[in-house]
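As the structure is a computational prediction, the values presented were derived from the model and not from experiment. Heavy atoms only: backbone and side chains are in, while hydrogens, waters and symmetry mates are out. So you know, we letter chains A, B, ... as the sequences are listed, proteins then strands, and number each from 1.
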Protein chains: 2
Amino acid sequence: MPDDEGWTLPEVAVAVDLAVLTVHDGALQIMLVKRGIPPYEGMLALPGGFLASTEEDLDVAAARELEEETGLHAKDLHLEQLRTYGTPGRDPRRRVITVCYLGFSPNLPEPAAGGDASEAVLMPVDKVLRPRATVAFDHKKIITDAVERARSKLEYTTLAAAFCGPEFTVTDLREVYEIVWGETLDPRNFHRKIMSVPGFLVPTGERVSRQAGRPAAVFRRGPATILHPAMLRSP
Amino acid sequence: MPDDEGWTLPEVAVAVDLAVLTVHDGALQIMLVKRGIPPYEGMLALPGGFLASTEEDLDVAAARELEEETGLHAKDLHLEQLRTYGTPGRDPRRRVITVCYLGFSPNLPEPAAGGDASEAVLMPVDKVLRPRATVAFDHKKIITDAVERARSKLEYTTLAAAFCGPEFTVTDLREVYEIVWGETLDPRNFHRKIMSVPGFLVPTGERVSRQAGRPAAVFRRGPATILHPAMLRSP
DNA sequence: TCAAAAGTGTTATAGATACACCCATGC
DNA sequence: GCATGGGTGTATCTATAACACTTTTGA
């Protein structure tokens, strides 16, 4: 793949960015940070930054930036590579290509304010993606891609559980699907479908009462990672 | 996303690589080039190379490398971003991150030898991915990812047609599925399924005879891009 | 006339959908 | 008791799987 030796390397900066999604207050939300420096000073942007050194791995850089800018720890959420964005001009200072990561985070007790980064905020994706809303760089496009990927991943994987805490009920999980997809699902059919996937939900034996009604059984995530057959959104 | 100004950029080289797949001689094959220079001199590798300038877009670099190294033109095939690989040490010379593209090419009349690059070859992926086989860099891992992505894309998109020429029969298309997935499909059910997807196949009105048997109707690709419901591989 | 491939029809089964109904709790 | 949400049973519909059968060609 690399060509001939002894030639001058084009000066391209490599960054990582993170689109960390979570379900909070009945909405799909994304973690954003307020930029403290130009360009786009004061605007909201995805957490991220340049590689710290020539030897830093991409995944490591993503985990580091996540922690530095939001106080979240990579081990507490699901992170996967989303896509790389590199259109010339996407950063006014110099050529930057950014390797983006998609994160699924459980609903956090203290939304992010608890971290080192006081400037991290959760924002509903509906709000961020409104036509009039603006975010720094090409991050709106990245967020669009991240949301679509998340929606699609719920169809054929068990990643919805990554939006829940360690213990959750079938209704918690259904609400994740409903909020991420923006559609309502039949609770009875959902229950049966989820329970029929071997290794998705492991009962803890406990039950919890919400407000009223029969207490729901409590589950933990099982080893299953794929949903077969898939649970498809309405077309 | 980018951090503070006035800091020294880690020296990271940005490359693009291409995993171009095609169905040829009854096998799923991948386009490889023989390396003319170290490292891995003489070994087979994915076509690709470094960005030509600070201003070159990733897609443009991919199209350029494709043409330079294989003689294929980007407009003649389907190209999409696969994933970015950047583990430190993956290139012994220096830190390189490579943005990989996945290509679907129709079966070529003169397999690649016709291009500028006399060193481009088609190789069955089964052969390349055998445990004892070796390819340069981490390209074996990339090829594995590319093949899995291609297999999966046939399930829910109409991309199988990108492996066929401009005109093809339902049997041609079925053979693509059978070869890429490595399983046999019922010709009668396949025919019905494909024909039931609106906008997938557009009849030209012509028919062709293979060797024996009733001549098959000839089709062109229609505007449809997704298959709904999906056609799933056997689990 | 026969083999071979294209294409249609028919039945059986799996999974999704819709919804009636029972269960277990708080108030 | 009764409202509320958890969970089961069941009919219906849709899509796939399996395969008999007809059609149309080359040899």
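At whole-Å resolution of the value, CZ in Arg174(A) and C1' in dG6(D) are 10 Å apart. A straight line from OH of Tyr156(B) to C1' of dA15(D) spans 21 Å, rounded to a whole angstrom. The separation between Asn189(A) atom CG and dA11(D) atom C1' is 12 Å, rounded to whole Å. Atoms CD1 (Ile194(B)) and C1' (dA15(D)) sit 14 Å apart, rounded to a whole Å.
The environment of Lys34(A) atom NZ is sparse: at most 12 non-hydrogen atoms of other residues, nucleotides or ligands sit within 6.0 angstrom.
For Arg130(B) and Asp126(B), the salt-bridge test fails: no basic side-chain N is under 4.0 Å from an acidic carboxylate O. Ionic pairing of Asp145(B) and Arg149(B) is not present here: no N-O contact between side-chain nitrogen and carboxylate oxygen is shorter than 4.0 angstrom. Between Arg233(B) and Glu148(B) there is a salt bridge, since a side-chain N of the basic residue sits under 4.0 Å from a carboxylate O of the acidic one. Ion pairing of Arg210(A) with Asp172(A) is present here, as a side-chain N (NZ or NE/NH1/NH2) and a carboxylate O approach within less than 4.0 Å.
Evaluation of atom-type donor-acceptor distances gives a pair under 3.5 Å for the side chain of Arg192(A) against the base of dG9(D).
If you walk DNA chain C from 5' to 3' and mark each nucleotide with an atom closer than 4.0 Å to a heavy atom of chain A, the marks span dG15(C) to dG26(C).
Between Thr171(A) and dG6(D) there is a side-chain polar atom (N or O) within less than 4.0 angstrom of OP1 or OP2.
Checking dT24(D), dG7(D), dC21(D) against every side-chain atom of Arg214(B), the shortest atom distance belongs to dT24(D).
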